[in-house]
Amino acid sequence: MSELRVRFAPSPTGYLHVGGARTALFNWLLARNRGGTFILRIEDTDVERSTKESVNAILEGMKWLGLEWDEGPFYQSDSFQLYKEHVQTMLDAGKAYKCCCTAAELEAKRNLAMQEGRKPKYDGTCRDRTDLPDSQPYVVRFRAPHTGVTSFDDLIKGTITFPNEELDDLIIQRTDGTPTYNFCVVVDDASMKITMVIRGDDHVNNTPRQIQLYEALGFPVPEFAHVPMILGSDKTRLSKRHGATSVIAYRDMGFLPEALLNYLVRLGWSNGDDEIFSRDEMIKKFDIRNVGRSASVFNTEKLLWLNAHYIKYGDPERLADLLLPHISKRKVTTLGGPDLMTVVKTLQERAQTLEEMAERAVFYYNAPENYDDAALAKFDNDHLMAVFEAVPRKLTSAAYDISGIDALFKEICTENGWKMGQVGQPIRIALSGGTQAPGIGEIVVTLGVEETVRRIQKAREFVAAKK
RNA sequence: GUCCCCUUCGUCUAGCCCGGCCCAGGACACCGCCCUUUCACGGCGGCGACACCGGUUCAAAUCCGGUAGGGGACGCCA
């Protein structure tokens, strides 16, 4: 194990979204790549908005993606005592001070500053007050340096420098005695001995404040890597109106975890021209320095392509297991029908998602109730009747393999002077109800000769009734 | 408004640090052709970008300066 310690620290105010998942992935990847430790920490200091359901949803998403953590989950709500102690230390050392300004006053000053075009930062009213009344409610503020600069070498973005005068005395403890985010993060990352903070770049602006806190607290400052955001198709921050953002929603839409992982890792990161990465490959090749600096747009088309790829080359047995819930959802039972794994094999090259695969698999279990009229209309009834009579007559044995069936159909063609399309298509319609289906050989073998004959018979009666 | 960050095909990106191999490569999507009993898969080909303006240089996507556009942050949210 190396010294590398990284963490993913979501706040449980919603499900695990793709942006969070990618941040988690990058952390996980780097930990695995360097033999480091990946820690999961739940940032639930905002008791109001944090929910148990969200925690579960996040854990579920992480597990589905296979992003297993080495330590945790830790909950910030369990560490309130620790934060309090550190606040007191800061107060005792004069590195923090009590402030009696009310929220309303601050709000008013902020608005005024904005209006006048000034930076809306705390004006320092209580910074040097010595006459603070004991009885009044107060918050604790960090006594931040007002001169000089704070800078850090971001592993992704390079050196970033902030003039200290831009930073104000941030609140580290609220009126109700609870600590605030920026303070908790620092205390936690320090006490968990985090050596590298990999997070969304919406935190870049928090970083200088946090560095100042590390220094005030006497903690070593970790390295930072800020990963760019994921945008929607209109290049604004990805949100629900761009479609699904929840990792679990992608699972339910029939995406494979390895496909989403592969998509996410390539969003913002690259390894030359490589597109397909197994878990092991991405672990081996991942390098935080190859993460791009600019935001990227989430593109479902490419995700679909990757999903299709993983379905195509996936293990049929596993796919069958994963497919089952999507089949059941359609109120279809596989009982008494063909083996689902065999069905999967006929559909692997034809489905982009498990949902689509389930949709295409239905006909195997539910014989068609009606037929695609337009497709049927391409043949005259006499021809259809002839085909529907000729084929069952030739299907004598019960045991065929796919090439056996193909050979049989060729035979039928030669005997009757038909072209393949004149036989295959009507049979396909008889067996599946439509024209979008696997090869005839695959269907017949999967369905079995008995069921095949039954379905052709049924189609024959249907056509006969039309005459 | 202030500060911070970003800018290569429609999208994800390679190349940029260490100028010439780049009249910019790959992938998705799109279009066409081929394969084909349907739908797909697959194969081949096409379309298509260095935000802009200056500078440095024999030579710039690559270095420097500026402009524009986009994003983020500015909370007793995280």
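The basis for the numbers below is simple: all heavy atoms, side chains too, and nothing from hydrogens, waters or symmetry mates. Numbered from 1 within each chain, the chains take letters A, B, ... in sequence-line order.
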**Q** Considering only B/C3, B/U11, B/U38, which nucleotide approaches the side chain of A/R428 most closely?
**A**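 So the nucleotide nearest the side chain must be B/U38.
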**Q** Measuring from the side chain of A/P120 (C-beta onward, heavy atoms only), which nucleotide among B/C74, B/C28, B/A78 has the closest atom?
**A**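 The answer is B/C74.
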**Q** Step through the shown structure and confirm whether more than 12 heavy atoms of other residues, nucleotides or ligands are within 6.0 Å of NZ on A/K109.
**A**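 Yes, NZ of A/K109 has more than 12 neighbouring heavy atoms, counting only those of other groups under 6.0 Å.
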**Q** Look at the side chain of A/S296 against the base of B/C12 and say whether a donor-acceptor pair falls under 3.5 Å; ignore hydrogens and angles.
**A**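 It does not, because no donor-acceptor pair links the side chain of A/S296 to the base of B/C12 below 3.5 Å.
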**Q** Counting the atoms with a prime plus P, OP1 and OP2 as sugar-phosphate, which does A/S233 contact under 4.0 Å by heavy atoms, base, sugar-phosphate, or nothing?
**A**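 No contact.
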**Q** Step by step, work out the side-chain contact (heavy atoms from CB on, under 4.5 Å) result for A/Q173 and A/T178.
**A** CA-CA 6 Å; A/Q173 188 179 86; A/T178 58; over 6 Å; no
**Q** Heavy atoms only, 4.0 Å cut-off, all strands: where does A/P438 land among base, sugar-phosphate and nothing?
**A**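 Base: the residue A/P438, judged by heavy atoms under 4.0 Å, touches a nucleobase.
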**Q** Please enumerate all protein N or O atoms sitting under 3.5 Å from an N or O of nucleotides 24-27 of chain B, with distances to 0.1 Å.
**A**
| from | atom 1 | to | atom 2 | distance (Å) |
| --- | --- | --- | --- | --- |
| B/G25 | N2 | A/D273 | OD1 | 2.8 |
| B/G26 | N2 | A/R266 | NH2 | 3.4 |
| B/G26 | N2 | A/E275 | OE2 | 3.0 |
| B/A27 | O4' | A/E275 | OE2 | 3.3 |

**Q** Using a heavy-atom cut-off of 4.0 Å across all strands, would you classify A/S294 as base, sugar-phosphate, or nothing?
**A**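 Since only primed, P, OP1 and OP2 atoms lie under 4.0 Å of A/S294, the category is sugar-phosphate.
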**Q** Which one, B/A29, B/C3, B/A78, comes nearest to the side chain of A/E166?
**A**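 Within the option list, the nearest is B/C3.
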**Q** Establish whether the base of B/C6 is bridged to the side chain of A/R293 by a donor-acceptor pair shorter than 3.5 Å.
**A**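 Answer no: no donor N or O sits under 3.5 Å from an acceptor.
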**Q** Quick check on B/C41: syn or anti? Syn means the glycosidic torsion is within 90 degrees of zero.
**A**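 Here the answer is syn: the torsion falls within 90° of 0.
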**Q** Nearest to the side chain of A/N205, heavy atoms from C-beta on, is which of B/G72, B/U11, B/U37?
**A**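 Of the candidates, B/G72 comes closest.
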**Q** So which nucleotide from B/G1, B/A73, B/U11 ends up closest to the side chain of A/R237?
**A**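 The closest nucleotide is B/A73.
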**Q** Could you tell me whether A/K419 contacts a base, only the sugar-phosphate backbone, or nothing, with contacts defined as non-hydrogen atoms closer than 4.0 Å?
**A**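 Here A/K419 touches no strand at all.
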**Q** Could you tell me which residues satisfy salt bridge (charged side-chain N to carboxylate O under 4.0 Å, His left out) with A/E301, sequence neighbours excluded, listed by chain and number?
**A**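 For A/E301, no residue satisfies salt bridge (charged side-chain N to carboxylate O under 4.0 Å, His left out) once neighbours in sequence are set aside.
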**Q** Among the candidates B/C39, B/C3, B/U13, find the nucleotide nearest to the side-chain atoms of A/S270.
**A**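 Nearest to the side-chain atoms of A/S270, counting from C-beta on, is B/U13.
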**Q** Counting side-chain heavy atoms from C-beta on, which of B/G75, B/C6, B/C4 comes nearest to A/R110?
**A**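 The answer is B/G75, which lies nearest to the side chain.
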**Q** Quick check for you: among B/C41, B/U2, B/G71, whose closest atom lies nearest to any side-chain atom of A/E349?
**A**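 The answer is B/C41.
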**Q** Mind checking if A/V297 touches a base, just sugar-phosphate, or nothing, with heavy atoms under 4.0 Å?
**A**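 Sugar-phosphate, no base atom in range.
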**Q** Specify the residue among A/T159 and A/N271 whose closest nucleotide of RNA chain B lies further upstream toward the 5′ end.
**A**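 Closest to the 5' end, via its nearest nucleotide, is A/T159.
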**Q** Does A/R266 come within less than 4.0 Å of A/E275, counting only side-chain N to carboxylate O?
**A**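 So A/R266 pairs with A/E275 through a salt bridge.
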**Q** Taking the side chain of A/M229 as heavy atoms from C-beta outward, which of B/G71, B/C74, B/C3 is closest to it?
**A**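 My answer, after comparing the listed nucleotides, is B/G71.
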